[in-house]
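Below, all heavy atoms of this structure are taken into account, side chains as well, without hydrogens, waters or symmetry copies.
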Amino acid sequence: MLQQPFTPRQMFRLKPKTLEKRITAYYALSGDQDNVIKLVRVLQIRQVLGKEEVSKPCDELIRRLYLNGVTEAMKRYCYYFYDYFTEAEWKEILSRLFVVLPKLQRIYQLLVILDCYQVEQFVIP
């Protein structure tokens, strides 16, 4: 069973800045990307539930993780970190995470074009 680095009490009682420092230190020691992604997601949930104003917890760490590597947990949680990236970086991340996505986008565009073409044929002048 995987040992969690923080207790639930720590995750919801410590100050957000303290948790960010500890999560960064935990990553430096363990290199566990998946657990770091989940811990930062808990910080985001805590922000929604609580009164603290932490807009992007561990933003530099998350940016570095997503721009350097890809894991299954990163695929699962990637949409929660959309605000952390520029538009160009986000497109790059999506193309690396979902290899089939560009092909699906092209197919969708062709279907839209075909649909518009068929509608134009049946328009009564």
Side-chain angles (χ1 to χ4, degrees):
M1 186 167 163
L2 180 65
Q3 180 68 27
Q4 293 297 324
F6 304 105
T7 64
R9 183 180 180 98
Q10 288 174 318
M11 288 301 294
F12 285 93
R13 295 280 176 133
L14 290 174
K15 292 181 181 178
K17 291 293 180 189
T18 304
L19 275 172
E20 286 185 39
K21 289 177 186 175
R22 289 188 181 182
I23 290 171
T24 304
Y26 168 74
Y27 176 70
L29 286 176
S30 69
D32 186 5
Q33 296 177 350
D34 294 345
N35 218 7
V36 167
I37 296 291
K38 292 174 186 176
L39 290 170
V40 175
R41 182 65 188 130
V42 170
L43 276 177
Q44 288 176 334
I45 292 169
R46 175 184 165 174
Q47 175 193 349
V48 171
L49 295 175
K51 297 176 184 176
E52 294 107 0
E53 287 297 323
V54 180
S55 61
K56 297 177 186 176
C58 299
D59 59 344
E60 288 302 316
L61 179 60
I62 294 296
R63 287 175 51 81
R64 186 175 39 183
L65 290 177
Y66 272 96
L67 292 173
N68 292 336
V70 176
T71 65
E72 283 300 315
M74 293 171 80
K75 278 185 179 182
R76 188 175 310 122
Y77 294 106
C78 73
Y79 291 106
Y80 295 110
F81 301 109
Y82 170 77
D83 294 336
Y84 287 48
F85 303 98
T86 64
E87 192 67 32
E89 290 172 337
W90 184 247
K91 286 181 181 180
E92 177 189 334
I93 289 169
L94 285 180
S95 67
R96 282 189 306 150
L97 287 176
F98 305 102
V99 178
V100 181
L101 188 63
K103 293 178 184 176
L104 292 176
Q105 287 176 336
R106 232 178 276 134
I107 291 172
Y108 176 75
Q109 289 171 346
L110 288 172
L111 288 174
V112 168
I113 291 170
L114 272 173
D115 188 44
C116 291
Y117 179 73
Q118 289 176 353
V119 168
E120 288 175 2
Q121 284 183 342
F122 294 110
V123 173
I124 301 173

task: Measure from the side-chain N and O atoms of Y77 to the backbone N and O of K38, and report whether any donor-acceptor pair falls under 3.5 Å.
output: no

message: So, taking the atom named SG in C58 and the one named CZ in R22, what distance separates them when rounded to the nearest 0.5 Å?
response: 13.0 Å

query: With a 4.5 Å limit on heavy-atom distance, are the side chains of R96 and I93 in contact?
result: yes

Expected output: side-chain Q33 to main-chain T71 donor-acceptor under 3.5 Å: no

- prompt: According to the interplanar angle, ranging from 0 to 90°, do the rings of F81 and Y84 count as parallel (below 30°), tilted (30 to 60°) or perpendicular (above 60°)?
  reply: perpendicular

query: Quick one: does P5's side chain get under 4.5 Å of N35's, heavy atoms only?
result: yes

message: Which heavy atom of E20 sits nearest to which heavy atom of L43, and what is that distance?
response: CG-CD1, 4.3 Å

statement: Here the gap from I37 atom CD1 to L61 atom CG, rounded to the nearest 0.5 Å, amounts to 7.5 Å

query: Which value, rounded to the nearest 0.5 Å, describes the distance between L97 atom CG and E72 atom CD?
result: 9.5 Å

message: Hydrophobic clusters here meaning ILVMFWY residues chained together by side-chain heavy-atom distances under 4.5 Å, can you tell me if Y80 and V42 are in one?
response: yes

- prompt: Same cluster or not: are M74 and Y79 linked, directly or through other Ile, Leu, Val, Met, Phe, Trp or Tyr residues, by side-chain heavy atoms under 4.5 angstrom apart?
  reply: yes

- prompt: With hydrophobic residues grouped by side-chain heavy-atom distances under 4.5 Å, do Y66 and Y82 end up in a single group?
  reply: yes

Interatomic spacing from CG in L65 to OH in Y27 - rounded to 0.5 Å: 5.0 Å

message: Do L29 and V40 sit in one hydrophobic cluster, given that two such residues count as connected whenever their side-chain heavy atoms are within less than 4.5 Å of each other, even indirectly?
response: no

